[in-house]
Amino acid sequence: MTNLLRVSLAAAMATALAGTALAQETAVKPAAPQPPVGADWPFYGGDENASRYSPLSQITPENVGKLERAFVLHTGDVPSPKARYSPETTPLKIGRSLIMCSAKNILVSADAATGKENWRYDPGVPDAAIPHAAACRGIATYTAPELAEDAACKTRVIEATLDARLIAVDLKTGQPCQDFGTGGQVDLWNGIGKRVPGWYAVTAPPTVVRGVVVTGAQVKDGQDEDAPSGVMRGFNAVTGQLAWAWDMGNPANKNGPAEGETYTRGTPNNWAAGVADEKLGYVYIPTGNSSIDYYGSNRKDYENEFSTSLVALNAATGDVVWHFQTIHHDVWDYDLGSQGTLIDFPGADGKPVPAILLPTKQGDIYILDRATGKPLIPIGEAKGQKGGSVEPDYIADSQPTSLWHTLRKEPLVESDMWGFTPIDQMMCRIQFRSANYEGYLTPPSADKPWIQYPGYNGGSDWGSVAIDPVNGVLIANYNDIPNLNQLIERPEADKMGVRPIYAPKTDAPAPKSTGGEGGASIYPQINAPYAIKVNSGWRNWGTGVPCSAPPYGGIRAVDMKTGETLWDEPLGTARRNGPFGIPSYLPFTIGLPNNGGSVITAGGLIFIGAATDNLFRAIDVKTGEVLWQDVLPAGGQANPITYEVDGQQYVLIAASGHAFMETGRGDALVAYRLPK
Amino acid sequence: MTLTRNAAFADGPAAARRGGAWRIAAILLSIVLALFGIVLFGGGLWLIWLGGSWYYGLAGAGLLATAYLVLQQRMAALKLYLVVWVLTLIWAFWEVGFNFWAQIPRLVAPTVVLVLLLAILPALRPRRT
């Protein structure tokens, strides 16, 4: 007994000592209890697991028809005429307040019952910093245990901006945290290299784990192989000091690069939201692709190892614990866009294991052991296709698939081609027959276009999935759209005047198609032998009508026990769609492209905007039937939230439109509740 | 008005229907059908050459022939097009069944053509024996 006590005490002291040593070295803290979802929506993904599930049950399938607008809140961040905006904002709700970032990172706190503004903090992000489009998907908070209850910035709101700053302000007042970085800011350009506005920008919420704020950044696609680094960095959430850097190309950069050096350039970046396991002290980072996307023969070994992977990093050290690659030698821009969700899932012995569920753009949904990265579901294999490839030796012979569940559909056939008349349908059939296409994983080609299906918009994109852990149901909305792409030889690209983002602005008119992300775009891919032309959504010549038949997107319920589909419905009506961009006002369900996820409530409802019909709707979890809908002021391409104030349940969605999805521009968030 | 004036001609009412406004309507429809027909026929041949569906080339040929018969203001235009339309119907259901959205490009425009042909029915006459 005494001995046992002594041993335990010694062990406890050793642990405590080790903990202290570690804390001094890295500023990492012990696991802290995390705030629950319910009345509040304390995390970007709802709870700390990013389940997008709420235990609130006041709104039900029976009464949802009575839902009415509680208030419409405007962030005041109105785009200038030329600026592309895709705010994609998901607020947090803490106490009586909503806290959110606008498209250009203005932090706004508002009363959660009335929408009345409490405070705002405008970091003054310039238009030049806008990458594809201005977006700020979310923010994080951190409560510092070492600060006094009434200290300024006891609980701080942390956001990362388009012009690559990490900013902390007081949750109560919106005043910058003076203890954080310099005047409440940390410059993320440090160690990245030459400042090129818009090339290196953060759009995802940072992840806080054990007192460390972890962030990557998006690197604008397709510019140059010599691009800003994809380095992941952890910062002390109180002081803003760099805790660690994970530079896959140079482990010596753990504490930042030497004077005059940069983090390894062109490495796979992380633009999707991470999720943290506070208990394990790991953060799960979905990575993207190396710069650039559609050519890979000259990529480095470490890029090939870590691109398009879920990487578990130790929050204390930034060391890689494990990683799982969802596509090898990615030449399709199948970067990971979805946030992982932490779940418990049966292991080999049938007992629940802490796991992470990861949706992908290819549609495959993986479930991995959170501690080891080992798949808890059977993994299949898809054969790599090499026909037409400009680099057949680089194309992987096989790719993983999920045998548990995939959102991916059967390959396209000629009769899947579409249009409004036989003529445009025939034009699409001609394009289909003229393109390289061997089904899923057809590699990039230069001699003629190739069909990529699913396209880079998913499957599942940044909206991720929602999981009801009580009833064991996963809700996934997804896209079902091909892209028609073609590599362009460098001399031809030069002739077309395709220029990278850092090129000096000239008076010569830029090729019309280099501006945006939607429809046909050309990216220079400097230092690769080819530029890339992407016809996103495979729009037809002249008419702009998609070449593939509807549905273009759906929503599906999956049984978590079996991985089987419970129901699957097209998502979105034809009201805003028609030839030459003319709205048809047809109320028929067609199934539309969608971006942004859903929330499931214990009341038995799914709330989702996402589709390009600008509707916000409530769907019965059991049947997939749309029970209620409202027309939003602009597209609802954002993850909705639900919360409670004074015993009343609210549902809220940002309805600010989306440049890429062509759903208008706005600065509104709309909240709903039942009549009092 | 035009009709009334034509009705006074010695050829009688049948000939009158072929003149004036009906004649203009027939010419206009014939031009529209010919334009659609030539695009479908040309594109259809390209698609056949690429190893794709034969429907568009055949439908284009049918439409061109119909356009010619409409210009001639012959009742055979309707008969021929009915054959094209029924074959289109059969082909469309063979290809995509009862898929509503997939039928839009296959059935809407061809049916509009049928309606237009029926609308100018008074301009058409049976073949002279």
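Any value given below was found using the heavy atoms of this structure, including those in side chains, with hydrogens, waters and symmetry copies removed. Sequence lines set the chain letters: A, B, ... in the order given, protein chains first and strands last, and positions in each chain run from 1.
Interatomic distance, A/M427 CE to B/Y56 OH, rounded to the nearest 0.5 Å: 12.0 Å. Atom CZ of A/R429 sits about 9.5 Å away from atom OH of B/Y55, to the nearest 0.5 Å. One finds the CG atom of B/L40 at 4.5 Å from the CD1 atom of A/I423 (value rounded to the nearest 0.5 Å).
For A/Q425 (side chain) and B/R106 (main-chain N/O), no donor-acceptor pair under 3.5 Å exists by modelled atom type.
Minimum heavy-atom separation, B/A109 to A/T421: CB-CB, 4.4 Å. Closest heavy-atom contact between B/V39 and A/M426: O-CE, 3.5 Å.
Below 4.5 Å, heavy atoms of chain A meet heavy atoms from B/W91, B/E95, B/V96, all part of residues 80-98 of chain B.
Residues A/F420 and B/I104 form a side-chain contact, since some pair of their non-hydrogen atoms from C-beta on lies under 4.5 Å apart. A heavy-atom distance below 4.5 Å is found between the side chains of B/P105 and A/W418.
Remark: A/W541 CH2 is packed, more than 12 non-hydrogen atoms of other residues, nucleotides or ligands lying under 6.0 Å away. B/F100 CZ: more than 12 foreign heavy atoms inside a 6.0 Å radius. No more than 12 heavy atoms of other residues, nucleotides or ligands lie within 6.0 Å of CZ in B/F36, so this atom counts as exposed by the packing criterion. The environment of A/K448 atom NZ is dense: over 12 non-hydrogen atoms of other residues, nucleotides or ligands sit within 6.0 angstrom.
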* Should A/I590 and B/W101 be marked as a side-chain contact (heavy atoms from CB on, under 4.5 Å) after you check the CA-CA gap, both sets of side-chain angles, and the distance that decides it? -> CA-CA 8 Å; A/I590 180 168; B/W101 289 106; 3.6 Å; yes
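A/T589 touches chain B through its backbone: at least one of N, CA, C or O sits under 4.5 Å from a heavy atom, while the side chain does not.
Interface check for chain B: of the options A/P422, A/S434, A/A549, the most heavy-atom pairs under 4.5 Å are formed by A/P422. Among the candidates B/S53, B/G44, B/A59, the residue making the largest number of heavy-atom pairs closer than 4.5 Å to chain A is B/S53.
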